[in-house]
Amino acid sequence: MSGLLAAGPDGGPGDFAVDVLAVVEQIPAGRVLSYGDVAELVGRGGPRAVGRVMSVYGSGVPWWRVLRVDGSFAPEVFARAVRHHRDEGTPMRPGGERVDMRLSRWDGG
DNA sequence: GCAATGACTGGTA
DNA sequence: TTACCAGCCATTG
């Protein structure tokens, strides 16, 4: 527990959200994880729940390293996410609009 | 406590 | 390859 984020009854994120953010922080540069993969590493919840956590509290973590299972991004973050990955050298598919999950997917540690 | 929401996923056509 | 449908689950009002 790094202490940067903490669950609290004072309107803070739930325990699930804190765990999701902790996993995302562990993703190394140049690697990515799908929403479902994050949920699996957390051990509970699902891709929808992870997506919701990212939309609300994702600003404090490398959110661009979490994307759809097919390597595409949500329209809201597409432009910024692609810029980050190009800067990190993440393997992209021809066209540069999707990440090559085959090569970029993080194994979890 | 119930119903709606959303940065999703897998299967089928 | 793309498009549509049903299931999924934590969070919010």
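Each chain gets a letter, A, B and so on, in the order its sequence line appears, and its residues count up from 1.
Within the 4.0 angstrom heavy-atom criterion, only backbone atoms of the sugar-phosphate kind lie near A:Phe16; the bases stay farther away.
Linking Ile, Leu, Val, Met, Phe, Trp and Tyr residues whenever their side-chain heavy atoms come within less than 4.5 Å places A:Val56 and A:Val38 in a single cluster. Clustering ILVMFWY residues whenever any of their side-chain heavy atoms sit less than 4.5 angstrom apart, transitively, puts A:Leu67 in the very cluster that holds A:Trp106. Note on A:Val20: it does not cluster hydrophobically with A:Val69, by side-chain heavy-atom contacts below 4.5 Å among ILVMFWY residues.
Sequence neighbours left out, not one pair with a member in residues 43-52 of chain A passes side chain to side chain donor-acceptor pair (under 3.5 Å). Among pairs with a residue in residues 76-88 of chain A, those fulfilling side chain to side chain donor-acceptor pair (under 3.5 Å) read A:Trp64-A:Glu88, A:Arg65-A:Glu88, A:His85-A:Thr90, at least two apart in sequence or across chains. Applying the side chain to side chain donor-acceptor pair (under 3.5 Å) test to every pair with at least one member in residues 30-42 of chain A, sequence neighbours left out, gives these pairs: A:Ser34-A:Asp37, A:Asp37-A:Arg105.
The distance between atom OH of A:Tyr35 and atom C1' of C:dT11, rounded to the nearest whole Å, is 16 Å. In this structure, the CG atom of A:Leu21 is 13 Å from the C1' atom of B:dA7, given to the nearest Å. Rounded to a whole Å, the CH2 atom of A:Trp63 is 13 Å from the P atom of B:dC8. Protein atom CG of A:Leu67 is 17 Å distant from nucleotide atom C1' of B:dG6, rounded to whole Å.
By the side chain to side chain donor-acceptor pair (under 3.5 Å) test, A:Ser72 pairs with A:Asp70, sequence neighbours left out. The ring pair (Phe, Tyr, Trp, His ring centres under 6.0 Å) test applied to A:Phe16 returns no partner, not counting sequence neighbours.
With distances taken from any side-chain atom of A:Tyr57 to the nucleotides C:dT12, B:dT9, B:dA7, the minimum falls on C:dT12.
The shortest side-chain heavy-atom distance between A:Val66 and A:Val61 does not fall under the 4.5 Å cut-off. A:Val32 places a side-chain heavy atom less than 4.5 Å from the side chain of A:Met101. Put simply, the side chain of A:Val42 does not reach to within 4.5 Å of the side chain of A:Val50, judged on heavy atoms.
The distance from the CD atom of A:Gln26 to the CG atom of A:Leu21 is 11.5 Å, given to the nearest 0.5 Å. Interatomic distance, OG of A:Ser104 versus CZ of A:Arg93, reported as 10.0 Å (0.5 Å rounding).
Near DNA chain B, meaning a heavy atom under 4.0 Å away, the residues from residues 38-49 of chain A are A:Pro47, A:Arg48, A:Ala49. Within residues 98-109 of chain A, the residues that have a heavy atom under 4.0 Å from DNA chain C are, in order of number, A:Arg98. For the segment residues 73-96 of chain A, no residue has any heavy atom less than 4.0 angstrom from an atom of DNA chain C.
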Polar atom pairs between nucleotides 10-13 of chain B and protein, under 3.5 Å, N or O only, would you list them?
none

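Heavy-atom distances to DNA chain B give each of A:Asp70 and A:Arg52 a nearest nucleotide, and the one nearer the 5′ end belongs to A:Arg52.
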